[in-house]
Amino acid sequence: SQQGEEDPQALSIQEGEKATMNCSYKTSINNLQWYRQNSGRGLVHLILIRSNEREKHSGRLRVTLDTSKKSSSLLITASRAADTASYFCATGADSSYKLIFGSGTRLLVRP
Amino acid sequence: DARVTQTPRHKVTEMGQEVTMRCQPILGHNTVFWYRQTMMQGLELLAYFRNRAPLDDSGMPKDRFSAEMPDATLATLKIQPSEPRDSAVYFCASGSHVGGTEAFFGQGTRLTVV
């Protein structure tokens with residue numbers, strides 16, 4: 001069963017614009033991770049934010065976490081056509097080692 | 001270049017046949033996951049292992065699926081007998097301390113059961 005739901009399911013933006021994807025989850029977590037999947041490929045880890053962190057940056061990526069609302073956002077700034085992919089959030093519970101994925105957001109960046 | 005290797009990449013089989021998918025985790029990783037991805041259900045966790053011991057396989061249909069780690073370099077997922085509804089992409093992922101750190105995914109096995 002999936003832990004998280006992502007919003008929107010699909011997003012289409014112009015190159016150079018910002019892309020914002022949201023993830024909501026249900027149970028307590030140790031950390032939340034974001035992954036990217038290009039069509040027909042495996043998932044690639046982007047960034048991890050721990051439950052005691054509120055914001056994290058990595059290059060053009062910015063992730064926020066609100067544990068009181070059980071939600072996270074991934075922001076991609078200055079988007080490029082190469083950012084076109086599906087993006088998934090995944091929640092980790094340190095005690096159980098489980099990693100549960102959300103339903104994903106399909107991002108299309110138009111040149 | 002450390003990577004998770006899955007074989008085969010593609011498999012077409014007839015309903016009722018046994019299917020075995022293999023995964024070589026990254027050397028030194030002690031947590032291995034099997035996921036199934038479909039358009040309808042998304043990424044489902046089927047089973048995962050820690051230090052070769054199965055921790056949770058509640059996501060797997062027990063009557064036909066089985067997952068094992070015969071040794072630290074090999075994880076297998078078997079379906080017997082296969083059914084058309086098993087058609088999906090099956091991913092293996094490994095990590096050193098998942099869910100506290102990132103998981104590394106293989107390229108997947110695309111299974112089609114006709």
Side-chain angles (χ1 to χ4, degrees), chain A residues 1-10 21 23-53 56 58 61 63 65 72 85-106, chain B residues 2-7 9-10 21 23-26 29-61 88-111:
Chain A
S1 61
Q2 289 172 334
Q3 157 81 301
E5 291 297 324
E6 287 168 72
D7 168 54
Q9 288 188 327
M21 291 161 267
C23 167
S24 60
Y25 57 91
K26 297 171 188 170
T27 63
S28 296
I29 62 170
N30 171 272
N31 66 82
L32 188 142
Q33 305 179 30
W34 285 89
Y35 287 77
R36 166 191 166 131
Q37 184 181 33
N38 287 85
S39 180
R41 309 292 294 271
L43 282 76
V44 175
H45 182 264
L46 295 175
I47 194 166
L48 179 152
I49 185 166
R50 301 202 179 277
S51 58
N52 60 354
E53 297 176 308
K56 202 159 183 181
S58 176
L61 305 181
V63 168
L65 179 63
S72 174
S86 291
Y87 292 81
F88 295 86
C89 67
T91 52
D94 205 35
S95 58
S96 71
Y97 308 107
K98 266 187 180 180
L99 192 62
I100 305 293
F101 283 82
S103 50
T105 293
R106 293 189 314 279
Chain B
R3 67 178 78 180
V4 175
T5 304
Q6 288 187 248
T7 56
R9 289 293 310 279
H10 303 272
M21 290 169 271
C23 168
Q24 181 177 355
I26 292 173
H29 283 185
N30 57 4
T31 307
V32 175
F33 295 81
W34 282 105
Y35 291 92
R36 174 170 66 184
Q37 187 175 36
T38 61
M39 287 294 293
M40 294 300 295
Q41 299 296 327
L43 269 162
E44 301 173 276
L45 177 63
L46 297 177
Y48 69 107
F49 295 78
R50 176 81 173 167
N51 296 323
R52 295 178 54 202
L55 289 190
D56 188 341
D57 60 3
S58 59
M60 230 163 48
V89 181
Y90 291 81
F91 286 103
C92 174
S94 71
S96 57
H97 186 204
V98 189
T101 56
E102 68 180 287
F104 293 80
F105 278 75
Q107 292 301 299
T109 293
R110 182 174 296 276
L111 174 65

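Chain identifiers are assigned alphabetically (A, B, ...) following the order of the sequence lines, protein sequences preceding nucleic acid strands; residue numbering begins at 1 within each chain. These figures come from a predicted structure and were not determined experimentally.
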Task: Side chain / backbone / both / neither for B:Gln6 at chain A, heavy atoms under 4.5 Å - done: neither
Task: CZ on A:Phe101 to CD on B:Gln37, rounded to 0.5 Å - done: 9.5 Å
TODO: Drop me the distance from A:Ser103's OG to B:Gln41's CD, to the nearest 0.5 angstrom.
DONE: 11.5 Å
Open item on the list: Any non-hydrogen side-chain atom of B:Phe91 less than 4.5 Å from a side-chain atom of A:Gln37?
Closed with: yes
- [ ] Evaluate whether atom CD of A:Glu53 has more than 12 neighbouring non-hydrogen atoms of other residues, nucleotides or ligands under 6.0 angstrom away.
- [x] yes
Task: 4.5 Å side-chain heavy-atom contact, A:Leu48 and B:Glu102 - done: no
TODO: Determine, step by step, whether B:Phe105 and A:Val44 satisfy the side chain to side chain contact (heavy atoms under 4.5 Å, CB included) criterion, reporting the C-alpha distance in whole Å, the side-chain angles of both residues, the deciding distance to 0.1 Å, and the verdict.
DONE: CA-CA 7 Å; B:Phe105 278 75; A:Val44 175; over 6 Å; no
Open item on the list: Taking the side chain as everything from C-beta on, heavy atoms only, tell me whether A:Leu99 gets closer than 4.5 Å to B:Tyr35.
Closed with: yes
- [ ] Please step through side chain to side chain contact (heavy atoms under 4.5 Å, CB included) for the pair B:Leu43 and A:Leu43, ending with a clear verdict.
- [x] CA-CA 11 Å; B:Leu43 269 162; A:Leu43 282 76; 3.6 Å; yes
Open item on the list: So B:Tyr48 and A:Lys98, do their side chains get closer than 4.5 Å, heavy atoms only?
Closed with: yes
